[in-house]
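For reference, the structure discussed in these notes is given below.
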Amino acid sequence: MTEGTTTSAAAEGADTLTRLEQEGEIAADYLEGLLDIADLDGDIDMDVEADRASVSIISDAGGRDLQKLVGREGEVLEALQELTRLAVHRETGDRSRLMLDIAGYRAKKRTELSELGAKAAAEAKSSGQAVKLDAMTPFERKVVHDAVKAAGLRSESEGEEPQRFVVVLPA
C-alpha cells in the first residue's frame, strides 16, 4: 500500500466514524423528545459498534418504566428502532443501520441467543443433522448466525418474514 492509499483509507474511516456519531446524536435527540413526551426518565448512551451507531436508553430506577418501551418480546423496541432510523434518514438522507437498546433488553437477548446458537451448533455436530430453530427477527437471526459461525459451522435463514428462521447445518 502506498502512503496516499493509507492516508485515504484513514480519512475514509474517520469520515465513517463521524457519520455514525452524527447518526447517534440525531437518534439521541429524537429519543430524548420521545422520553419527554411520554414523561419517562432515562439516560441516553451513544456508541459506535461494528460499523453501526448504537444508542441505549438506560435508567437508574431499575428500568420498570422503560419496559413499556420494550413491549412484549421487544415488539415496541423494534418499532421505536425503525422510527428512530426514519428520523435519522430524514435528517441525513442516508439509510441508517442504527441499533437501539432499551433497559438492557437487547444485550440480555444477545446473550440468550448466543447460547441458543452454540447449543444448536453442538446438536448439529453431534447428530450430523440440520437443526431448525423457531422464527426470529433479523436481529435475533444475526446473533444466532454469529454464534454458529464461532462454533465452526454454517447456518442459513429460510422462510419468509415474519416466519423466517435459522437452519444450522452440520459440518
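All heavy atoms count here, side chains included; hydrogens, waters and symmetry mates do not.
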dist E75:CD -> T137:OG1 (nearest 0.5 Å) comes out at 10.5 Å

Rounded to the nearest 0.5 Å, the OG atom of S59 sits from the CD atom of Q67 at a distance of 10.0 Å

Would you mind checking if R164 and E160 are paired as a salt bridge, meaning a charged N to carboxylate O distance below 4.0 Å? no

| task | Examine the side chains of S155 and H145 and answer whether a donor and an acceptor come within less than 3.5 Å of each other. | result | yes

Tightest non-hydrogen contact, residues G128 and P170, listed as O-CG, 3.4 Å

### Query
What's the verdict on side chain to side chain contact (heavy atoms under 4.5 Å, CB included) for V131 and V167, showing C-alpha distance, side-chain angles and the deciding distance?
CA-CA 6 Å; V131 176; V167 178; over 6 Å; no

Notebook entry, point to check: Counting only heavy atoms not in D15, do more than 12 sit closer than 6.0 Å to its CG atom?
Noted result: yes

Heavy-atom closest pair (A27 atom, V55 atom, distance to 0.1 Å) is CB-CG2, 3.9 Å

Rounded to the nearest 0.5 angstrom, the CG-CD distance for L77 and E82 is 10.5 Å

### Query
Checking side chain to side chain contact (heavy atoms under 4.5 Å, CB included) for the pair S96/E23: CA distance, chi angles, key distance, verdict?
CA-CA 8 Å; S96 173; E23 282 186 21; 2.9 Å; yes

May I ask whether M99 and V70 are part of the same hydrophobic cluster, defined by side-chain heavy atoms of I, L, V, M, F, W, Y residues being less than 4.5 angstrom apart, directly or through others? no

Less than 4.5 Å apart, side chain to side chain, heavy atoms only: is that true for V88 and Y30?
no

Student check: side-chain heavy atoms of L69 and L35 closer than 4.5 Å = yes

Quick one: does D101's side chain have a donor or acceptor within less than 3.5 Å of a partner on Y105's backbone? yes

Looking only at heavy atoms, the pair that brings G42 and I57 closest together is CA-CG2, 4.3 Å

Contacts satisfying salt bridge (charged side-chain N to carboxylate O under 4.0 Å, His left out) that involve residues 130-144 (not counting sequence neighbours) are K109-E140, R141-E161, K142-D146

Legend entry - Trace of the side chain to side chain contact (heavy atoms under 4.5 Å, CB included) decision for R19 with T16: CA-CA 5 Å; R19 182 181 51 79; T16 299; 3.7 Å; yes

*Please check if atom CG in D29 has more than 12 non-hydrogen atoms from other residues, nucleotides or ligands closer than 6.0 Å.*
yes

Applied to residues 148-158, the salt bridge (charged side-chain N to carboxylate O under 4.0 Å, His left out) test, sequence neighbours excluded, yields none

Between the CG atom in L20 and the CZ atom in R97, the distance rounded to the nearest 0.5 Å is 9.0 Å

N/O donor-acceptor pair under 3.5 Å between S56 side chain and I58 backbone: no

Quiz item: Would you say K125's side chain and A151's backbone share a donor-acceptor pair under 3.5 angstrom?
Solution: yes

Taking the side chain as every heavy atom from C-beta outward, state whether R52 and L98 have any pair of such atoms under 4.5 Å apart.
no

Hits for side chain to side chain contact (heavy atoms under 4.5 Å, CB included) against L34, two or more places apart or cross-chain, chain-then-number order -> L31, L80

Between the CD1 atom in I44 and the CD atom in E25, the distance rounded to the nearest 0.5 Å is 12.0 Å

- If we only count heavy atoms from C-beta on, is the L116 to M136 side-chain gap below 4.5 Å? yes

For this session: With the side chain counted from C-beta on, respond yes when R106 and F139 share a heavy-atom pair under 4.5 Å apart, and no when they do not.
Result: yes

Heavy-atom nearest pair, V148 first then G117, reads CG2-O, 3.7 Å

Taken to the nearest 0.5 Å, the spacing of I26 CD1 from M46 CE works out to 11.0 Å

